[in-house]
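Okay, structure first, notes after.
Letters go in sequence order (proteins before strands), and every chain restarts at 1. Since the structure is predicted, the reported quantities are computational estimates derived from the model, not experimental observations.
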Amino acid sequence: MKKQKETTINKDLKTALAELLSGRDARGMSGEPLSGRDARGMSGEPLSGRDAREISVDMIRNVALFDLSDEGTYVKGCVFLTDTYLGIVSGPEEPLPEGQGRKRGKAPEVIGGPAQGLPSRIDRISFIELKSIDDVRAERLFASSLLTAVVAGKDTFVAAFTGIHTPEMNTFIKEVKAVLGSAAGGRKAEEDNETPDGRRPGKDTGDANIKVEGAEENQKKDVKSEPGTEDAAPVTKKRTIFSRVFRYFLKYRISVVVLFFTYLASALISIIWPYLSGKVLYDGVIGKNDEFLADFGLEGEYMLALLVLVICMFGARVLQHGVQILQQYLVARVAAKTVRDIKQDIFSSMGDLSLRFFTSKQTGGLMTRVRSDADRIIDFFLDGFPFLFIHSTTIIVTFIVMFRLNWQLSLLAVVLLPVLVILSVKLKPALWTLYGKRHRAERSMTSKVNDNLTGARVVKAFGREDEEATGFSKKSGSLETAEVDIVRYNNRFTILYNMVSEISNIWVWIVGVLLVIETKSIDLGVLVTFVGYIGSLNGPMNFFSYIFRVWTDSINSAQRMLEIIDAVPDIREAADPVHLPEPRGEIELEHVTFGYEAFRPVLKDVSLHVHPGEVLGIVGRSGAGKSTLVNLISRLYDTDEGTIKIDGHDVRDLAFKDLRRSVAMVSQDTYIFMGSVADNIAYADKEASRDDIIRAAKLAGAHDFISAMPDGYDTIVGAGGKDLSGGERQRLSIARAVLADPKILILDEATSAVDTKTEQLIERSVSLLAEGRTTISIAHRLSTLKNADRLIVIDGGQIVEEGTHDELMEKEGIYHMLSNLQTGFLSLEDI
Amino acid sequence: MEDKNINLNFFESEGGFLGAKLESRDAGHAPEGSCGTYDRVRAVRLFPFTDPAKYISIRVGNETGEELAVIRDIAQLSPDQQELIRRDLELNYFMPVINKIISIKDEYGYAYFHVMTDKGEVKFTINMGGNNVTKLSETRLLITDINENRFEIRDIHALTPSEQRKLDLFL
């Protein structure tokens with residue numbers, strides 16, 4: 001489906017380009033020798049005499065947009081490919097698009113960035129004959145990329161572009177290479193114009209988002225970085241955030257409805273109260289108003305009326321408190337449950353995300369999200385949202401009653417309200433920014449703490465406690481500033497609202513007393529009631545003064561939370577995955593290219609075939625791409641190009657469950673979870689029997705040290721438990737992998753932290769283990785690999801040597817050198 | 001786990017320790033060099049909390065502590081053999097079980113326990129800062145005092161509500 005979409009986009013683009021080419025003004029159009037910079041480097045014959053107008057849709061094989069000029073300014077332009085030449089079209093320099101300079105304090109609504117699409121008119125056009133091109137490639141600059149061509153042996157600038165265009169440029173380059181017939185590995189040109197590139201993880205497009213959003217919240221990077229989902233995941237609007245969060249509460253709708261009625265009840269009581277204590281008490285009972293009392297059949301019975309009134313008032317108070325208690329109970333219940341649901345959702349979503357997500361974020365930030373954001377969200381929805389209705393109703397009803405009591409006084413009371421509303425709306429956006437700022441300050445402080453706790457050993461070893469403390473005080477200082485700013489800002493609301501209510505109050509008193517004394521147009525009771533009502537408005541008014549900030553805070557948190565829940569993992573299980581009930585353990589890599597960044601491949605066109613049951617050793621310098629290779633096999637990342645097959649099936653088609661069951665990896669960074677040793681070993685299979693656990697531990701050389709601990713296999717390890725040494729952790733991880741009983745066992749420097757004796761022990765076990773399973777072992781210490789059936793040497797992202805130990809020694813290549821270095825080193829040590 | 005081809009016989013050594021005689025039923029099969037008589041062996045629980053009577057590792061009582069065998073279930077042994085092993089285990093795993101909490105006082109980072117255990121009344125002190133109260137399961141606690149003595153609470157729900165409240169601080 002995705003491919004189809006890309007195809008149509010590209011088709012539209014081609015049509016548009018053909019139209020543009022045919023309808024342009026004459027300047028520079030017919031491939032006249034280009035002036036200045038454009039001509040520079042275009043040593044390919046500039047196609048004099050060729051009229052670009054002749055280019056029809058059918059001739060255009062592929063189009064890719066670019067958005068930077070060779071001077072690093074934004075332009076609109078495109079490169080296109082026909083059977084015989086490569087064309088470069090660019091428009092005039094683009095001014096920054098509207099909305100780029102955002103209004104202060106406003107949340108970004110539109111993703112800006114360079115305007116995309118074809119230029120509206122052609123400013124320059126040039127051509128390079130394909131036959132003069134030896135190669136094309138993309139080069140990664142710091143924050144943008146270049147498309148360069150080797151024309152007649154010289155590197156030639158073709159175009160520059162930002163990350164937005166990386167995927168299409170990639171496709172374009174592949175197409176050009178295919179046409180040139182020089183594609184790596186001699187793959188033949190593909191008939192299909194659009195080399196499918198849908199699988200490519202969208203890491204590059206993220207750059208473009210950073211550019212526009214970095215100022216506000218660069219956290220979005222990962223969320224929106226999936227190409228093809230951009231339209232599916234529009235910029236989160238505050239309104240939709242609201243409705244999505246609201247859905248969490250619907251699960252507890254009975255409680256919520258009851259809660260709503262309790263709010264309503266307390267609102268009613270607060271409306272009745274001034275009436276009882278004002279008009280009824282003063283004018284009815286104390287004023288001995290028989291006419292009024294007659295309505296209740298109590299004319300003349302003043303004491304009885306007073307008694308009834310007191311009972312009513314008392315009842316109202318009791319009811320009010322009862323309702324409040326119920327309310328508090330329900331709020332606590334719903335809040336706790338919803339917070340738990342939200343946290344659970346965030347936690348599960350995090351689990352689904354691919355490794356790349358975690359390596360690109362501060363853990364402190366993620367922890368803040370799980371911990372405090374959920375709480376903040378609830379604040380508004382339970383402390384704010386229901387009251388919004390209640391208080392609005394209270395205010396409206398109160399005003400109606402007030403107007404009926406005396407409209408002149410009422411008018412005085414409300415005259416300032418519009419001012420209040422306008423000012424509130426104006427003040428709000430800045431609050432949004434402040435809350436975002438506080439979150440970032442908090443995140444960076446949490447990260448600092450986390451960092452220091454994890455790295456306590458290093459901090460102590462280098463005696464940097466004071467510097468770390470200073471660093472911390474800076475972070476916590478900025479949190480302090482952020483908090484103070486918020487309070488300062490909130491005070492504006494409070495002052496504003498209080499002023500309005502105080503001024504109204506004073507006006508009403510002055511005018512009211514004048515009315516009572518001078519004109520006697522109203523009774524004292526009415527005035528007291530009236531003032532009572534104004535007083536009862538204080539609560540709702542105060543509420544509105546603070547609801548703005550709670551709302552802003554809450555939605556701000558909700559947005560961050562939804563980012564995680566919405567984030568699309570780069571690595572997803574195929575829709576209809578292939579199952580591997582009985583894996584054989586065959587691995588095949590076909591022309592695999594992969595890089596963590598665009599155009600910086602760590603592995604270049606690697607092909608490898610590992611037979612079932614083979615023990616393969618991988619050797620190479622640090623950073624050569626060894627770990628990357630095995631990470632790809634277990635699909636922690638997806639390849640950029642080429643495929644990896646297990647038992648003949650593309651790993652991208654395999655069900656996660658089967659893939660993880662078939663491949664177990666012991667990596668350099670061993671992680672021990674909180675729990676007992678037995679739990680840790682049985683991590684992959686909670687049902688494992690004690691016999692299995694002990695057997696796995698024995699094979700991994702872990703049994704003896706485990707038995708030596710007082711609590712044996714019941715020892716609690718991990719955070720807060722017993723501290724294990726590096727070697728012990730590694731052996732536990734190996735035991736974990738052994739117990740998983742995978743068909744493919746990957747040992748990535750798995751024995752780097754154990755002593756030679758233990759290593760030998762493990763090696764012996766591994767060779768026992770290797771029986772009937774494919775083992776890939778990466779090691780720095782070459783002696784570890786002497787039992788391997790075959791060794792490959794990786795250097796610069798490619799397999800440079802392959803063979804058995806003896807064969808490689810004979811070759812006198814890198815392996816020979818590394819081997820000599822190590823044995824030489826060892827023999828020195830022996831002296 | 002337990003090798004069917006070896007025979008392990010326990011006895012009480014002259015020094016009052018647990019001894020064991022390891023012999024092979026099938027001459028060719030026993031682990032080389034480990035056959036023989038050991039005057040001192042140690043019984044080690046592999047799962048001291050979750051399965052105290054099973055998976056007992058029998059190790060040589062010297063520094064290397066080489067493993068001679070793992071007994072999957074001591075109930076399979078003859079009663080007198082079981083008794084020998086139990087005695088050794090009791091000694092190795094001295095850990096009073098707390099039945100009743102008389103008082104817990106916490107002050108300046110230390111907690112002072114006064115409890116009744118299956119071995120008698122005990123007063124001990126733990127450091128509140130460390131992880132000295134370990135939850136073995138939802139209901140089971142392991143408490144380590146400042147002198148590395150260990151106490152166990154098998155089931156916190158078996159304690160009275162007021163005793164549980166005293167423990168709340170640690171849960």
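Taking CZ of B:Phe47 as the reference point, atom CD1 of A:Ile693 lies at 5.0 Å (rounded to 0.5 Å). Note that the CD1 atom of A:Ile694 and the CZ atom of B:Arg72 stand 8.5 Å from one another [nearest 0.5 Å]. Here the CG atom belonging to B:Leu46 is positioned 12.0 Å from the CG atom belonging to A:Asp711, to the nearest 0.5 angstrom. For the atom pair A:Ser707 OG and B:Ile56 CD1, the distance stands at 11.0 Å (nearest 0.5 Å).
For NZ of B:Lys105, the number of neighbouring non-hydrogen atoms (other residues, nucleotides, ligands) closer than 6.0 Å is 12 at most. The number of heavy atoms from other shown groups lying within 6.0 Å of CZ (B:Phe113) is above 12. When the shell of 6.0 Å around OH of A:Tyr329 is examined, it contains 12 or fewer heavy atoms from other residues, nucleotides or ligands.
When the candidates B:Lys54, B:Arg59, B:Arg42 are compared by the number of heavy-atom contacts under 4.5 Å with chain A, B:Arg59 comes out ahead. Chain A forms more heavy-atom pairs under 4.5 Å with one residue of B:Thr134, B:Val44, B:Leu142, B:Asp51 than with any other, namely B:Asp51.
Within the 4.5 Å cutoff, no side-chain heavy atoms of A:Arg690 are placed close to those of B:Val70.
Considering all non-hydrogen atoms of both residues, B:Tyr93 and A:Pro710 come closest at CE2-O, 3.5 Å.
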